[in-house]
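Okay, so here's the structure we're looking at.
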Amino acid sequence: MGWIGDTVDSVKSIQIRQLLTQAVSLGMIVTSALIIWKALMCITGSESPVVVVLSGSMEPGFKRGDILFLHMSKDPIRTGEIVVFNVDGREIPIVHRVIKVHERQDTGEVDVLTKGDNNYGDDRLLYAQGQLWLQRHHIMGRAVGFLPYVGWVTIIMTEKPIIKYILIGALGLLVITSKD
């Protein structure tokens, strides 16, 4: 059997104490990741401090697969800024540039109109039916930096779930069979 037989023998020889140690270690890794994510949310003021560009609508500035770092401050949003926003009824956030800013005279609140750099028209067709402007609560954050191509890992795992399951299975097998 070779490698498979050795793996089965390794799994059989695992002691309860070692299994518990590995489970606690895995729990600590997951907990640490969640704490880091929550800390980034607090520091950046954004509900999602990191997003992946999923389409080519912002080319040539941002390409599909780039990772954007977001920050959301109290400063008013200005024309030319790149924002990430959610539209009512859609799950996936959109990364586009602000092309118009409209300040309401009665409240002083700022509404914005967006457009992808690589798109012909503005985003009103993407907004919820009857919605002409984005309000501040739609905006998740402003782009303040990016890492090119790193987000392709996320895109590949989303578009080809079998790769994600193979990777998770391989990592699980590695954790089970490792002798720490």
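By convention here, the first residue in the shown sequence is residue 1.
- Side-chain contacts under 4.5 Å among hydrophobic residues (ILVMFWY), followed directly or transitively, place Val84 together with Val51, Val53, Met58, Phe62, Leu68, Leu70, Ile82, Val95, Met140, Phe146.
- When atom types are taken as modelled, the side chain of Arg97 and the backbone of Gly80 share a donor-acceptor pair closer than 3.5 angstrom.
- Atom CH2 of Trp37 and atom SG of Cys42 lie 12.5 Å apart (nearest 0.5 Å).
- The shortest non-hydrogen separation linking Asn86 to Glu91 is OD1-O, 3.9 Å.
- In this structure, the side chain to side chain contact (heavy atoms under 4.5 Å, CB included) partners of Val144, at least two apart in sequence or on a different chain, are Phe69, His71.
- How far CZ of Arg124 is from CD of Gln129: 15.0 Å, rounded to the nearest 0.5 Å.
- Partners of Trp133 by ring-ring contact (aromatic ring centres under 6.0 Å, His included), not counting sequence neighbours, listed by chain and number: His102.
- Taking a cutoff of 4.0 Å between a charged side-chain nitrogen and a carboxylate oxygen, Lys115 and Asp122 do not qualify as a salt bridge.
- Connection of Leu54 to Ile163 is established within a shared hydrophobic cluster, with ILVMFWY side chains joined at heavy-atom distances below 4.5 Å, either directly or through further cluster members.
- Here CZ of Phe85 is found 4.0 Å from CD1 of Ile94. Values are rounded to the nearest 0.5 Å.
- Other residues sharing a hydrophobic cluster with Tyr120 under the 4.5 Å side-chain heavy-atom criterion for ILVMFWY residues do not exist; the residue is a singleton.
- Side-chain heavy atoms closer than 4.5 Å link hydrophobic residues (I, L, V, M, F, W, Y) into clusters, and following such links, even through other members, never connects Met72 to Met41.
- In terms of heavy atoms, Gln131 sits closest to Gln135 at NE2-OE1, 4.0 Å.
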- side chain to side chain contact (heavy atoms under 4.5 Å, CB included) assessment of Ile67 paired with Val50: CA-CA 7 Å; Ile67 289 184; Val50 178; 3.3 Å; yes

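- In terms of heavy-atom proximity, Leu40 sits nearest to Pro49 at CB-CG, 3.7 Å.
- By the 4.5 Å heavy-atom criterion applied to side chains, Val83 and Ile77 are counted as neighbours.
- Scanning for side chain to side chain contact (heavy atoms under 4.5 Å, CB included) contacts around Asn119 gives Ser57, His96, Asp123, with sequence neighbours left out.
- Counted by atom type alone, Arg142 and Ser46 present zero donor-acceptor pairs between their side chains at under 3.5 Å.
- In the hydrophobic clustering of ILVMFWY residues, with side-chain heavy atoms under 4.5 Å counting as a link, Leu132 and Leu126 come out together.
- The CD1 atom of Ile166 sits 12.0 Å away from the CG atom of Leu171 when rounded to the nearest 0.5 Å.
- Looking only at side-chain heavy atoms (C-beta outward), Met157 and Leu167 come within less than 4.5 Å of each other.
- Here the options are Val87, Thr114, Val112, Asp88, the test is side-chain contact (heavy atoms from CB on, under 4.5 Å), and the partner is His138; only Asp88 passes.
- Under the 4.5 Å side-chain heavy-atom criterion for Ile, Leu, Val, Met, Phe, Trp and Tyr, Met28 and Ile36 are members of distinct hydrophobic clusters.
- Atoms CD1 and CZ, on Ile92 and Arg90 in that order, are 9.0 Å from each other to the nearest 0.5 Å.
- Counting only residues at least two apart or on different chains, the side-chain hydrogen bond (donor to acceptor under 3.5 Å, both in side chains) pairs with a member in residues 144-168 are Arg64-Glu159.
- Under the 4.5 Å side-chain heavy-atom criterion for ILVMFWY residues, no single connected hydrophobic cluster contains both Val153 and Leu147.
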